[in-house]
Amino acid sequence: EVQLVESGGGLAQPGGSLRLSCAASGFTFSTYEMNWVRQAPGKGLEWVSYMSSTGNTIHYADSVKGRFTISRDNAKNSLYLQMNSLRVEDTAVYYCARTRAFVPFEYWGQGTLVTVSS
Amino acid sequence: DIQMTQSPSTLSASVGDRVTITCRASQSISIGLAWYQQKPGKAPNLLIYKASSLESGVPSRFSGSGSGTEFTLTISSLQPDDFATYYCQQYNSYSWTFGQGTKVEIK
């Protein structure tokens with residue numbers, strides 16, 4: 001069974017940092033592209049970042065470019081999101097999501113809540 | 001970035017109704033479109049990909065159509081489990097973008 005489990009969320013101050021993790025199991029992690037998607041409270045979905053299976057290709061939404069860094073450790077079956085220079089508007093539930101051919105977000109984790117507030 | 005506009009934003013319907021949700025792209029996205037269902041407090045669930053391909057395990061009452069800039073999600077006979085929010089999403093080009101969502105409510 002495919003499982004994606006996010007962790008690392010919590011409260012951060014504006015300008016602060018957090019590192020999210022996504023632990024994958026039930027599939028060969030190293031062969032799948034992965035993403036982060038977020039959802040502000042009561043709002044819609046926003047794609048945040050993409051990383052290819054090897055890590056060679058990365059994309060970011062303009063709203064996080066230069067502040068967030070996606071990475072992965074295929075040996076540990078884990079995806080990460082380093083979030084720096086956090087803003088109040090980064091407050092959201094962050095989901096990791098698996099991509100397969102022609103399918104952007106096939107499986108989703110349960111999400112982890114990030115709250116940015118002073 | 002490609003803008004995705006869904007209509008309506010809210011839809012009131014009864015069990016057994018045929019329901020259609022429209023999604024328009026600000027420029028052509030070919031068939032690079034997916035539909036998701038989301039219930040409160042839960043992660044989204046993939047329904048349709050490549051505009052009209054039904055994801056494995058999704059009931060056949062869900063169907064998708066369209067190409068280019070105009071797309072529809074149809075629920076042929078609304079069931080109690082279908083009351084939720086639905087999102088379209090384009091993946092023809094980065095940045096991938098979602099529609100604002102359509103909430104399907106009980107009439």
Side-chain angles (χ1 to χ4, degrees), chain A residues 1-7 9 20 22 24 27 32-52 56-68 70 79 92-113, chain B residues 1-10 21 23 25-26 29-58 62 64 67 71 73 84-104:
Chain A
E1 179 194 4
V2 171
Q3 282 204 319
L4 299 170
V5 180
E6 302 92 339
S7 60
L20 305 184
C22 171
F27 65 101
Y32 284 89
E33 303 155 59
M34 297 295 295
N35 302 267
W36 289 98
V37 179
R38 69 184 180 182
Q39 186 169 35
K43 303 297 184 182
L45 299 163
E46 180 186 18
W47 167 78
V48 171
S49 184
Y50 159 94
M51 176 170 266
S52 64
N56 289 342
T57 301
I58 291 173
H59 296 287
Y60 295 102
D62 287 345
S63 58
V64 306
K65 204 171 292 183
R67 301 187 299 121
F68 289 11
I70 191 172
L79 179 74
V93 173
Y94 285 74
Y95 297 99
C96 66
R98 191 182 90 170
T99 291
R100 75 166 196 261
F102 305 112
V103 181
F105 308 128
E106 177 191 17
Y107 285 102
W108 300 65
Q110 86 290 347
T112 187
L113 176 61
Chain B
D1 292 357
I2 297 174
Q3 307 302 314
M4 305 301 293
T5 304
Q6 286 181 236
S7 60
S9 296
T10 307
I21 299 169
C23 180
S26 60
I29 58 170
S30 184
I31 58 169
L33 185 102
W35 289 96
Y36 302 87
Q37 177 194 67
Q38 187 179 33
K39 296 181 179 178
K42 300 293 188 182
N45 181 51
L46 175 68
L47 300 174
I48 301 286
Y49 63 95
K50 279 201 302 180
S52 61
S53 296
L54 189 69
E55 175 67 353
S56 176
V58 174
F62 291 93
S67 66
F71 303 85
L73 173 71
T85 300
Y86 294 83
Y87 294 93
C88 64
Q89 179 242 334
Q90 71 82 16
Y91 56 102
N92 184 66
S93 63
Y94 287 98
S95 297
W96 290 348
T97 45
F98 290 88
Q100 80 279 15
T102 294
K103 186 175 183 180
V104 177

Hey, does the side chain of B:Y49 reach the backbone of A:P104 with a donor-acceptor pair shorter than 3.5 angstrom?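 Between the backbone of A:P104 and the side chain of B:Y49 there is no qualifying donor-acceptor contact (under 3.5 Å).
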
Can you confirm whether more than 12 heavy atoms, excluding those of A:K43, are under 6.0 Å from its NZ atom?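 Atom NZ in A:K43 is not packed in, count stays at 12 or less.
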
Decide if atom CZ of A:F102 counts as having more than 12 heavy atoms of other residues, nucleotides or ligands within a radius under 6.0 Å.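 For A:F102, atom CZ is not crowded (no more than 12 foreign heavy atoms under 6.0 Å).
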
For [X], is it the side chain, the backbone, both, or neither that has a heavy atom closer than 4.5 Å to a heavy atom of chain B?
X: A:E46; value: backbone
X: A:V93; value: neither
X: A:Y95; value: side chain
X: A:T99; value: side chain

Are A:F105 and B:F98 close enough that some pair of their side-chain heavy atoms sits under 4.5 Å apart?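 The answer is yes; the side chains approach within 4.5 Å.
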
Side chains of A:Y50 and B:W96: closer than 4.5 Å at any heavy-atom pair?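 When only atoms from C-beta onward are counted, B:W96 and A:Y50 do touch, with a gap below 4.5 Å.
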
Can you list every pair that meets salt bridge (charged side-chain N to carboxylate O under 4.0 Å, His left out) and has a residue in residues 30-53 of chain B, with sequence neighbours left out?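 Every salt bridge (charged side-chain N to carboxylate O under 4.0 Å, His left out) pair that includes a residue of residues 30-53 of chain B, provided the two are not neighbours, is B:K39-B:D81.
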
Assess whether side-chain contact (heavy atoms from CB on, under 4.5 Å) is satisfied between A:W108 and B:Q38, documenting all intermediate values. CA-CA 11 Å; A:W108 300 65; B:Q38 187 179 33; over 6 Å; no

Below 4.5 Å, heavy-atom pairs only: which of A:H59, A:Q110, A:E106 has the largest tally toward chain B?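 Option with the greatest count: A:H59.
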
At a 4.5 Å cut-off on heavy atoms, which part of B:P44 comes close to chain A: side chain, backbone, both, or neither?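 Both parts, backbone and side chain.
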
Using salt bridge (Lys or Arg N to Asp or Glu O under 4.0 Å) as the criterion, list what pairs up with B:K103, not counting sequence neighbours.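 Testing B:K103 for salt bridge (Lys or Arg N to Asp or Glu O under 4.0 Å), a comparison that skips the adjacent residues, returns B:E105.
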
